[in-house]
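Okay, so here's the structure we're looking at.
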Amino acid sequence: MNREERRERRQKDTKNATVIFIIFMLVVTLLVAGVAFAVSKFVLTDTPTDEEGQTESQTEDALLTGEVEAPVVPVIDEATTRAAEFIAGMTLEDKVAQMFVVTPDALTGFSGVTAAGDTTKDWYNKRPVGGIVYMSGNLKDHEQTATMLTNMQTIATERIGLPAFLCVDEEGGSAARIAGNSAFGVTDVGAMSDIGATGDSQNAYNAGTVIGGYLSELGFNVDFAPVADVLTNGENNAIGDRSFGADSQLVAEMVTSELKGLSDAGIYGTVKHFPGHGAVSGDSHEGMVTTGRTLEELMAAELIPFQSAINADVCFVMAGHIAAPSVTGDNTPASLSKVMITDILRTQMGYNGIVITDAMNIGAITENYGADEAAVMAVQAGADMILMPEDYETAYNGLLDAVKNGTISEERINESLIRIVKVKQQMQ
């Protein structure tokens, strides 16, 4: 199918999808209104009263105090409608591809990729992944990196009509792909622990603007930072000085300030590693790590920075490979747990942005799950994007097959695609 045919097909599918979407939302609205009316009639008819007219007043009081939930009428916002219209013209194969963030090496099958030329274009055209994450070996200097990212963005936009998430781990201090390379000649903002020790969140904002400034100039649009882990275990070596500190409220202030700095510089930040890596002593790069904290304990400490970031409208939350058996009842890591992602992060904490997993090629996952199994479990749990699977080909085909055989519905895939496309359309 040539480009013109694809354009005509997308226009036709877009019109159909818009009509279907609007009809669906109207039906849902009418159903909710009908249920609300029936409930109100039941309450007004069957609730005993001492005085005439008291029942209606009591019902209103209950609604105000939260004893009876007020019906929620769905809102058809323009951004969601636009995203739904766009994905209506996508193939299932392209939708599934958009749920992966991989290295340029994994995309092309070559090692140490430092350019985005015809080979990258050929592979991306076959499978347009949602994002590319660049490692130190892909980043040589300013000119090479800027050219590679510009070309990659052109390839993505021409193929699918959306920008790609061009990502990097740039925290500052010990985790800095750009600032840690003297060839780029940029300032390293230093360890987050030192910034946290100042107690002044303006310093975190300044760090965000510095990091965001040079990342944006190079062509990146997503940074896998800041670290929102609260260092409640002093023996934690995996996070260590990457955390702002042990005071959850201070960490929350620092995290939201750095996110603001990144955003003001044109970069989407990613808070990590939900639900908090700071209490554990192991390293998920080497194997399974577990926190013994209960949900109440997590809510009182580790989850405070994440909630603060959610309240500040963060677009990306990275789910860590951290098991919380006191919360979930088993040793499933948070990145693969429906309890942690859907029940707690989405429902209880109110997050409806993009959930991306931590890298899936590290010990906590590879020692316990196959690449395809992990990808399917992550999506079933509520994740939207799979980061760096151990075997990208296996993971992609495993997720695609799961949709085709009914293990995962295409509607579930569409939920994630709407979140992804909404952010990408904001970038255009």
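This structure is a prediction, so every number in the text was calculated from the model and none was measured.
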(message) Using a 3.5 Å distance criterion without hydrogens, assess whether the side chain of Thr291 forms a donor-acceptor pair with backbone atoms of Ala324.
(response) no
(message) Testing the basics here: between Pro275 and Ile322, what is the closest heavy-atom pair and its distance to 0.1 Å?
(response) CD-CD1, 4.1 Å
(message) Which heavy atom of Leu399 sits nearest to which heavy atom of Ala375, and what is that distance?
(response) CD1-O, 4.4 Å
(request) Measure from the side-chain N and O atoms of Ser243 to the backbone N and O of Asp229, and report whether any donor-acceptor pair falls under 3.5 Å. (result) yes
(request) Would you please test Gln425 and Leu162 for side-chain contact (heavy atoms from CB on, under 4.5 Å) and show each step? (result) CA-CA 7 Å; Gln425 289 178 331; Leu162 292 171; 3.9 Å; yes
(request) Please check if the side chain of Thr347 supplies one atom and the backbone of Thr342 the other of a donor-acceptor pair under 3.5 Å. (result) yes
(message) Donor-acceptor check, side chain of Asp141 to backbone of Ala183, threshold 3.5 angstrom: yes or no?
(response) no
(request) Working to the nearest 0.5 Å, report the span between CD of Glu302 and NE2 of His273. (result) 14.0 Å
(request) Test the Arg159-Tyr124 pair against the cation-pi criterion, namely NZ or CZ under 6.0 angstrom from the six-membered ring centroid and within 45° of the ring axis. (result) no
(request) Return yes if some donor-acceptor pair links the side-chain N/O of Thr270 with the main-chain N/O of Ala225 below 3.5 Å, else return no. (result) no
(request) Rounded to the nearest 0.5 Å, what's the gap from SG on Cys167 to CD1 on Ile356? Could you check? (result) 6.0 Å
(request) Please tell me if the side chains of His321 and Asn368 come closer than 4.5 Å, counting only heavy atoms from C-beta onward. (result) no
(request) Would you confirm whether Gln144, through its side chain, and Leu139, through its main-chain N or O, come within 3.5 Å as a donor-acceptor pair? (result) no
(request) Show the numbers, then the answer: is there a side-chain contact (heavy atoms from CB on, under 4.5 Å) between Asp358 and Ile365? (result) CA-CA 10 Å; Asp358 200 351; Ile365 298 299; over 6 Å; no
(message) Do Arg177 and Asn138 have side chains that approach each other closer than 4.5 Å (heavy atoms only, starting at C-beta)?
(response) no
(request) Working to the nearest 0.5 Å, report the span between CD1 of Ile178 and OG1 of Thr187. (result) 13.5 Å
(request) Report, as yes or no, whether the 6.0 Å neighbourhood of atom CD on Gln428 holds more than 12 heavy atoms from other residues, nucleotides or ligands. (result) yes
(message) Could you go through Asn414 and Glu410, starting from their C-alpha distance and side-chain angles, then the distance that decides it, and tell me whether this counts as side-chain hydrogen bond (donor to acceptor under 3.5 Å, both in side chains)?
(response) CA-CA 6 Å; Asn414 290 345; Glu410 188 166 356; 5.0 Å; no
(message) Heavy-atom count check: over 12 atoms from other residues, nucleotides or ligands less than 6.0 Å from Asp118 CG?
(response) no
(message) Quick check: do Met299 and Gln307 have side-chain heavy atoms less than 4.5 Å from each other?
(response) no
(request) Verify side-chain hydrogen bond (donor to acceptor under 3.5 Å, both in side chains) between Thr407 and Asn405, making sure each step is shown before the conclusion. (result) CA-CA 6 Å; Thr407 301; Asn405 67 29; 2.6 Å; yes
(request) Could you go through the side-chain contact (heavy atoms from CB on, under 4.5 Å) check for Thr120 and Met148 one step at a time? (result) CA-CA 10 Å; Thr120 297; Met148 176 175 62; over 6 Å; no
(message) Would you say that Thr332 contacts Lys338 through its side chain, given a criterion of any heavy-atom pair below 4.5 Å between the two side chains?
(response) no
(request) Could you tell me if the ring centre of Tyr214 sits under 6.0 Å from that of Phe184? (result) no
(request) Report yes if some heavy atom in the side chain of Met349 is under 4.5 Å from a heavy atom in the side chain of Ile344; otherwise report no. (result) yes
(message) How long is the straight-line distance from OG1 of Thr198 back to CG of Asn203, given to the nearest 0.5 Å?
(response) 4.0 Å
Can you give me every donor-acceptor pair (side chain of residues 376-389, partner residue at least two apart or in another chain, under 3.5 Å) with its distance?
from	atom 1	to	atom 2	distance (Å)
Asp384	OD1	Ser416	OG	2.6
Asp384	OD1	Arg419	NH1	2.8
Asp384	OD2	Arg346	NH2	2.6
Asp384	OD2	Val355	N	2.8

(request) Show your reasoning for whether side-chain contact (heavy atoms from CB on, under 4.5 Å) applies to Gln98 and Ile87. (result) CA-CA 11 Å; Gln98 282 286 300; Ile87 67 173; over 6 Å; no
(request) State, with a plain yes or no, whether a side-chain heavy atom of Arg242 is found less than 4.5 Å away from one of Met192. (result) no
Show me the donor-acceptor pairs, under 3.5 Å and distance only, between side chains in residues 248-257 and residues at least two apart or in other chains.
from	atom 1	to	atom 2	distance (Å)
Thr256	OG1	Ala252	O	3.0
Thr256	OG1	Glu253	O	3.2
Ser257	OG	Glu253	O	2.9

(request) Please name the pair of heavy atoms, one in Leu259 and one in Pro226, separated by the smallest distance, quoted to 0.1 Å. (result) CD2-CD, 3.5 Å
(message) Checking Phe274 now: which residues fulfil ring pair (Phe, Tyr, Trp, His ring centres under 6.0 Å) with it, not counting sequence neighbours?
(response) Phe306
(message) If you define the side chain from C-beta out and look only at heavy atoms, does anything of Val314 sit under 4.5 Å from Tyr351?
(response) yes
(message) For the aromatic rings, using the six-membered ring if either is Trp, is the centroid distance between Phe165 and Tyr268 under 6.0 Å?
(response) no
(message) Under the criterion salt bridge (charged side-chain N to carboxylate O under 4.0 Å, His left out), I'd like the reasoning laid out for Glu93 against Lys126: C-alpha separation, chi angles, the key distance, then a yes or no.
(response) CA-CA 10 Å; Glu93 288 75 13; Lys126 293 174 185 175; over 6 Å; no
(message) With rounding to the nearest 0.5 angstrom, report the CG to CG distance, Asn221 to Leu166.
(response) 5.0 Å
(message) I'd like to know if the side chain of Lys260 reaches the main chain of Ala312, judged simply by a donor and an acceptor atom lying under 3.5 Å from each other, with no hydrogens or angles considered.
(response) no
(message) Looking at every non-hydrogen atom in both residues, tell me the closest pair between Ile354 and Ile420 and how far apart they are.
(response) CD1-CA, 3.8 Å
(message) Please check: side-chain N/O of Thr150 versus main-chain N/O of Thr147, any donor-acceptor pairing under 3.5 Å?
(response) no
(message) Between Met90 and Ile160, is there a side-chain heavy-atom distance shorter than 4.5 Å?
(response) yes
(request) Output the distance between atom CG (Leu303) and atom CD (Glu296), rounded to the nearest 0.5 Å. (result) 11.0 Å
(message) Show the nearest heavy-atom pair for residues Asp372 and Gly398, with the distance to one decimal.
(response) CB-CA, 3.7 Å
(message) Pairing donors with acceptors under 3.5 angstrom, does anything connect the side chains of Asp105 and Thr103?
(response) no
